[in-house]
> 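Dumping the structure here so I can ask a few things about it.
Quick note: numbers below take in every heavy atom, side chains included, and nothing from hydrogens, waters or symmetry partners. Numbered from 1 within each chain, the chains take letters A, B, ... in sequence-line order.
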Amino acid sequence: MNEKYFPEEIEKKWQQAWRETRAFEVDMDDPRPKFYCLEMLPYPSGFLHMGHVRNYAVGDALAWFKRLQGFNVLHPIGWDSFGQPAEQAAIKRGVNPRDWTEQNIAHMRGQMQRLGISYDWSREIAAHRPDYYRWDQWFFLKMFERGLAYKRQSPVNWCPREETVLSNEQSSGGVCWRCGTPTTKKEITQWFVRITKYAEQLVADLAEIEAGWPEKVVKRQRDWVGRSEGAYVDFAVQDHDEKIRIFTTRVDTIFGATAIVVAAEHPILDTLPEGSALRDDVKQFAAKVKAERASRSDLTVEEEKTGLNTGLLAINPFNGETLPVWVANYVLMDYGAGAVMSVPAHDERDFEFATKYTLPIRQVIARITHEQAPTGADVVPGQDQSIDMREAFTDYGVLVNSGGWSGKLSQDALREMAEYAEKNGFGGGAVTYRLRDWGISRQRFWGAPVPIIHCGKCGEVPVPEKDLPVMLPDQAQFTGTGESPLAGVPEFVNTTCPKCGGEARRDTDTMDTFVDSSWYFFRYCDPRNESAPFDPKVIAKWIPVDQYIGGDSHAVMHLIYTRFWTKMMRDLGLISFSEPVKKLLTQGMVTNRIEGTDEWKAMSKSLGNGVDPDEMIAAYGADAARLFILFAAPVENELRWSESGIEGAVRFLRRVWTIVWQWRDRLLAAGNEAVVSDAADSATRALRRKTHQTIARMTADFEKLDLNTNVAALMELSNAVGDLTAKGTAAAADLSAVREAIEALVIMLTPMAPHTAEELWEALGHDGGLLQTAKWPTADADLARKDELEIPVQVNGKLRSKIMATPETTDEELRAAALADEKVRSFTEGHEIVKVIVIPQRLVNVVVR
RNA sequence: GCGGACGUGGCGAAAUCGGUAGACGCAGCAGACUUAAAAUCUGCUUUCCUUCGGGGAGUGUGGGUUCAAGUCCCGCCGUCCGCACCA
């Protein structure tokens with residue numbers, strides 16, 4: 001035991017103690033209430049970065065807080081260990097991806113342990129190990145059985161640099177999410193998961209979690225699914241059997257339609273007379289549009305609208321009007337019906353298109369003018385038909401020039417016109433979604449093989465469950481051709497058909513790593529189960545996760561997939577709930593200044609502004625690094641790294657250390673008996689007040705995860721205790737009040753600086769560690785209450801004086817005291833006092849004229 | 001372009017309900033200790049004026065509501081994020 005603070009010694013000591021006593025291993029049957037604290041599992045790149053440290057520091061603080069409060073806390077960690085970098089390393093440096101991955105895991109596990117994060121290491125899992133990915137394959141088979149996993153030819157996003165298929169999400173913005181290379185399109189047969197079947201639930205169930213999730217994540221998820229209510233309308237085509245179906249959210253504007261516009265891939269285009277000049281033009285045009293789309297690099301600029309009149313004529317079923325059918329680049333085949341009615345007067349895109357090609361623009365919605373009736377009782381909608389048609393008018397309004405529908409409000413017309421279409425058999429109300437099915441095929445080696453066998457006779461045959469896992473071979477040739485490396489491993493590919501016993505080939509695709517991360521936190525609850533992904537009984541108790549913490553970069557991909565997966569598992573009968581995560585916290589980025597500039601960017605190797613966690617631990621200790629991270633900014637904010645900030649954290653820990661050692665001998669000598677004297681003096685009362693105020697504040701702030709203010713509260717308490725000796729009031733304060741303050745200080749320090757707290761707790765005479773001997777303190781409201789109040793007094797809303805009061809002072813007394821106050825009187829003198837506002841125990845405002 | 005969030009000292013920030021703006025920390029300044037420095041401790045630290053009692057201004061900006069606005073409402077400016085022709 002040393003009176004000087006040596007973090008490296010005590011951190012080693014307690015990390016070893018925790019390991020030896022298996023302090024953080026969870027008994028799932030423990031009768032205490034459970035708390036599942038989860039951080040997003042990392043990809044084992046080889047090294048922790050500060051973003052990881054922040055994530056784990058926050059999670060660990062909450063885990064400790066809940067443990068000290070008496071919860072049975074599950075706090076696990078694992079590895080998202082399939083994926084590109086391992087394969088890249090194999091290609092570039094010829095290393096074995098498995099060895100590379102395992103070495104990285106070993107190193108990063110060491111880093112986590114040096115940080116002293118309180119994980120239950122007995123539950124560690126890794127996606128690349130067969131005992132995990134066999135269950136990915138098992139789930140795939142279940143989805144395949146139910147038609148939720150299916151194969152189809154499909155244009156996919158293709159990264160020409162990494163030569164791999166990317167999901168829509170991964171090529172969001174038209175660039176590869178990993179390397180930033182602009183993506184292109186490629187036709188290829190792919191496995192898809194029918195997430196669109198759950199589109200409605202993915203939106204509707206947001207209501208269930210909204211309260212516990214950040215607003216912006218909920219919003220992004222809602223936008224991602226893109227639910228949109230509208231109507232289908234079928235337009236007959238003149239001299240044609242086919243009809244063109246359009247989707248619109250503004251069927252109320254249908255009398256303003258002056259054209260029908262279809263996508264370049266629309267099947268109606270194939271019905272144009274073979275060999276006609278027009279057909280050739282349209283074909284050429286469609287090919288050009290497709291080519292442009294595939295090669296687009298700058299998606300920040302909207303492409304200019306181009307189109308071509310197909311010569312076809314469509315008939316508006318509402319008024320019998322004949323409309324030209326155009327094909328244009330701004331209509332997308334894979335949304336809605338692949339065709340739209342063009343209403344230039346009331347849609348910006350149609351307006352732009354019509355202006356360019358001089359199509360008629362016809363106003364059919366008028367702005368409502370609210371005219372106050374003379375009695376003032378009713379608001380009468382009038383019409384303003386003088387809308388300036390230099391731009392589209394897209395608001396709701398009153399229908400005009402719309403036959404029998406004129407005079408109706410948009411809101412009513414939307415509903416009634418959809419009903420009318422349905423009744424007359426040419427359409428009806430409909431809901432569409434932007435969400436697309438999830439392409440999970442990857443032409444990669446380092447992933448879970450798709451458990452399907454292709455048989456010449458039987459077709460696609462699922463691997464029987466008893467044959468799982470389909471083992472990934474040890475090694476493969478990385479040709480970089482874009483074809484899965486598994487195709488070049490004959491021992492893997494060649495097999496027999498489980499159905500007919502004949503020669504057959506295995507599917508050589510592997511699964512998207514987002515499959516692995518969609519259900520990993522279920523596996524933590526039952527990590528060694530060999531007969532099922534998990535025991536449903538265990539899951540029923542432990543999931544939903546109480547608090548999930550991670551970066552908001554996963555706001556749509558991972559967090560949509562895991563919500564989908566949960567609903568899918570529910571429909572398999574494995575679980576009985578629909579949402580996996582009760583509360584979500586998205587942490588901000590950790591940034592650092594780029595040398596020689598004033599720019600703050602996320603830490604990264606390539607920018608040279610990274611900070612190595614190991615160096616921080618060596619220089620300042622894990623506790624100081626963690627404390628600084630929690631204190632420096634609110635968890636959701638960007639955190640700007642600061643070397644002097646971390647020094648401040650060390651100073652604080654040293655001060656707490658000094659305080660404990662200053663009082664230790666006296667406290668130990670006094671023993672455990674209470675020595676509160678009856679006539680508690682004011683110093684004692686003040687100290688106890690501060691102690692209990694701090695307890696109340698910190699307990700509340702922890703629930704909100706306001707960790708920065710929490711550290712501030714702790715600093716205030718430590719300053720208050722420090723002042724006892726510094727200001728010579730030590731003798732005045734009762735020893736048991738000091739004990740109370742110091743013990744609260746040490747216990748409440750634990751979530752942010754656990755090693756230091758353990759050491760100090762032991763120094764205070766508690767053997768056996770915090771978990772055995774400490775409880776999160778409870779605030780006593782009476783003790784926390786102030787017995788003297790300083791009441792600000794305002795005159796006309798300006799602070800002029802302060803008067804002293806007690807909680808018992810009545811409003812009338814406050815009022816009298818305020819008016820009698822000398823300073824106040826100097827401002828009220830010669831003025832008429834209009835009124836006096838008294839906010840009980842808070843403030844007095846004298847209003848004068 | 002559309003949608004959303006935000007705007008508080010030199011810096012990170014705090015401010016349950018509309019009720020003392022700037023807690024806590026960083027940086028800075030002054031002092032104590034020291035041969036000296038570091039470390040540590042103490043004090044100061046929004047800004048302007050001051051006869052040193054105080055007084056004025058102040059939460060991007062202009063209005064409004066209110067006894068009272070960082071907080072609520074409207075306009076503008078700025079920053080950041082999301083989306084990328086989704087009909």
> Can you label the angle between the A:Phe318 ring and the A:Phe255 ring as parallel, tilted or perpendicular, going by 30° and 60°?
perpendicular
> Measure CD1/A:Ile833 against P/B:C67 and give the value in whole Å, please.
17 Å
> Let's see if you can work this out: which of B:G25, B:U20, B:G4 has an atom nearest to the side-chain heavy atoms of A:Pro792?
B:U20
> Which nucleotide, if any, forms a Watson-Crick or G-U wobble pair with B:C44, using both distances under 3.5 Å?
B:G28
> For atom C1', what is the distance between B:U66 and B:C74, given to the nearest Å?
16 Å
> Please report, rounded to the nearest Å, how far the P atom of B:A84 is from the CG atom of A:Asp334.
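A:Asp334 atom CG is separated from B:A84 atom P by 12 Å.
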> Using atom C1' in both nucleotides, what's the gap between B:C77 and B:U42 to the nearest angstrom?
45 Å
> Does A:Glu215 reach a base, just sugar-phosphate, or nothing at all? Heavy atoms under 4.0 Å.
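Answer is nothing: A:Glu215 stays at 4.0 Å or more from every strand.
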> Should the ring pair A:Tyr357 and A:Trp326 be called parallel, tilted or perpendicular, given that the plane angle runs from 0 to 90° and is split at 30 and 60?
tilted
> Tell me whether A:Lys305 forms a cation-pi arrangement with A:Tyr330, defined as NZ or CZ under 6.0 Å from the six-membered ring centre and within 45 degrees of its axis.
yes
> Return the OG1 to OH distance between A:Thr196 and A:Tyr433, rounded to the nearest 0.5 Å.
10.0 Å
> Quantified in whole Å, what is the P atom distance between nucleotide B:U16 and nucleotide B:U71?
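Looking at atom P only, B:U16 and B:U71 are 13 Å apart.
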> Distance between the C1' atoms of B:G25 and B:U34, in whole angstroms?
28 Å
> Using a 6.0 Å distance limit plus a 45 degree cone around the ring axis, check whether A:Arg245 lies over the aromatic ring of A:Tyr232.
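Flagged: A:Arg245 positioned over aromatic ring of A:Tyr232.
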> Ignoring hydrogens and angles, answer whether the base of B:C81 and the side-chain atoms of A:Lys216 contain a donor-acceptor pair closer than 3.5 Å.
no
> Does B:A87 have OP1 or OP2 sitting under 4.0 Å from an N or O in the side chain of A:Tyr335?
yes
> How far, in whole Å, is B:A38 from B:C33 if one measures between their C1' atoms?
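Approximately 13 Å lies between the C1' atom of B:C33 and that of B:A38.
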> How would you label the glycosidic angle of B:C73: syn (within 90° of 0) or anti?
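Anti, which is what one calls it when the glycosidic angle falls more than 90° from 0.
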> Please write out the pairs of protein N or O atoms and N or O atoms of nucleotides 14-17 of chain B separated by less than 3.5 Å, giving the distance to one decimal.
| residue | atom | partner | partner atom | Å |
| --- | --- | --- | --- | --- |
| B:A14 | OP1 | A:Asn708 | ND2 | 3.2 |

> Of the listed nucleotides (B:A68, B:C85, B:A87), which one gets closest to any side-chain atom of A:Asn845?
B:A68
> Taking any heavy-atom pair under 4.0 Å as a contact, classify A:Ser228: base, sugar-phosphate, or nothing.
sugar-phosphate
> Is A:Arg222 touching bases, backbone alone, or none of the nucleic acid, heavy atoms closer than 4.0 Å?
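Nothing, no heavy atom under 4.0 Å.
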> Under 4.0 Å, heavy atoms only, any strand: does A:Asn719 hit a base, just the sugar-phosphate, or nothing?
sugar-phosphate
> In terms of heavy-atom contacts, does CD of A:Glu703 have more than 12 from other residues, nucleotides or ligands at under 6.0 Å?
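Correct, the count exceeds 12.
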> For B:C85 and B:G3, measure between their C1' atoms and round to the nearest Å.
15 Å
> Is it the case that the side chains of A:Thr691 and A:Thr694 hold a donor-acceptor pair, with the cut-off being a distance below 3.5 Å and no angle test?
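Side-chain D/A pair, A:Thr694 to A:Thr691: absent.
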> Should we count CZ of A:Arg362 as having more than 12 external heavy atoms under 6.0 Å?
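Enclosed: over 12 neighbouring heavy atoms sit under 6.0 Å from CZ of A:Arg362.
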> B:C33 pairs with which nucleotide, Watson-Crick or G-U wobble, both distances below 3.5 Å?
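Its partner: none found.
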> Do we get A:Lys823 above A:Phe827's six-membered ring, with its NZ or CZ under 6.0 Å from the centre and within 45° of the axis?
no
> Expressed in angstrom and rounded to an integer, what is the separation of A:Arg434 atom CZ from B:G82 atom C1'?
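My rounded result for the distance is 11 Å.
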> Distance between the P atoms of B:C83 and B:C72, in whole angstroms?
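The same atom, P, in both gives a distance of 28 Å.
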> A:Met715 side chain: which of B:A87, B:G19, B:C24 is closest?
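The nucleotide sitting nearest to the side chain is B:C24.
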> Using a cut-off of 4.0 Å on non-hydrogen atoms, how would the nucleic acid contact of A:Asp223 be classed: base, sugar-phosphate, or nothing?
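Nothing, no nucleic acid heavy atom in range.
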> Looking only at atom C1', what distance separates B:G63 and B:C44, rounded to whole Å?
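These two C1' atoms come out 39 Å apart once rounded.
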> Pairing check on B:C6: which nucleotide meets the Watson-Crick or G-U wobble criteria with it, both distances under 3.5 Å?
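Paired with B:G78.
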> Could you run through nucleotides 52-60 of chain B and give me one letter per nucleotide, 5' to 3': B if any protein heavy atom sits under 4.0 Å from the base, S if only the sugar-phosphate is that close, - if neither?
---SSS---
> Who does B:U16 pair with, Watson-Crick or G-U, both distances under 3.5 Å?
none
> Within a 6.0 Å radius of atom NZ on A:Lys356, are there more than 12 heavy atoms belonging to other residues, nucleotides or ligands?
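Yes - once you tally the heavy atoms of other residues, nucleotides and ligands closer than 6.0 Å, there are more than 12.
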> What's A:Val793 touching, base or sugar-phosphate or nothing? Going by heavy atoms closer than 4.0 Å.
nothing
> For A:Val847, which contact category applies under a 4.0 Å heavy-atom criterion: base, sugar-phosphate, or nothing?
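Touches sugar-phosphate only.
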> Where does B:G62 land, syn or anti, once you apply the within-90°-of-0 test for syn?
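It is anti.
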> Check for me whether the distance between the ring centres of A:Trp641 and A:Phe628 falls short of 6.0 Å.
yes
> Regarding A:Thr432 and A:Tyr335, do their side chains bring together a donor and an acceptor under 3.5 Å, going by distance alone?
yes
> Looking at every strand, decide which applies to A:Gly648 at a 4.0 Å heavy-atom threshold: base, sugar-phosphate, or nothing.
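Here A:Gly648 touches the backbone only, sparing every base.
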> Would one find a side-chain N or O of A:Arg651 under 4.0 angstrom from OP1 or OP2 of B:A27?
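Checking A:Arg651 against B:A27: at least one side-chain N or O falls below 4.0 Å of OP1 or OP2.
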> Rounded to the nearest Å, what distance is computed from the CZ atom of residue A:Phe652 to the C1' atom of nucleotide B:C26?
15 Å
> Specify the glycosidic conformation (syn or anti) of B:G53, with syn defined as within 90° of 0.
syn
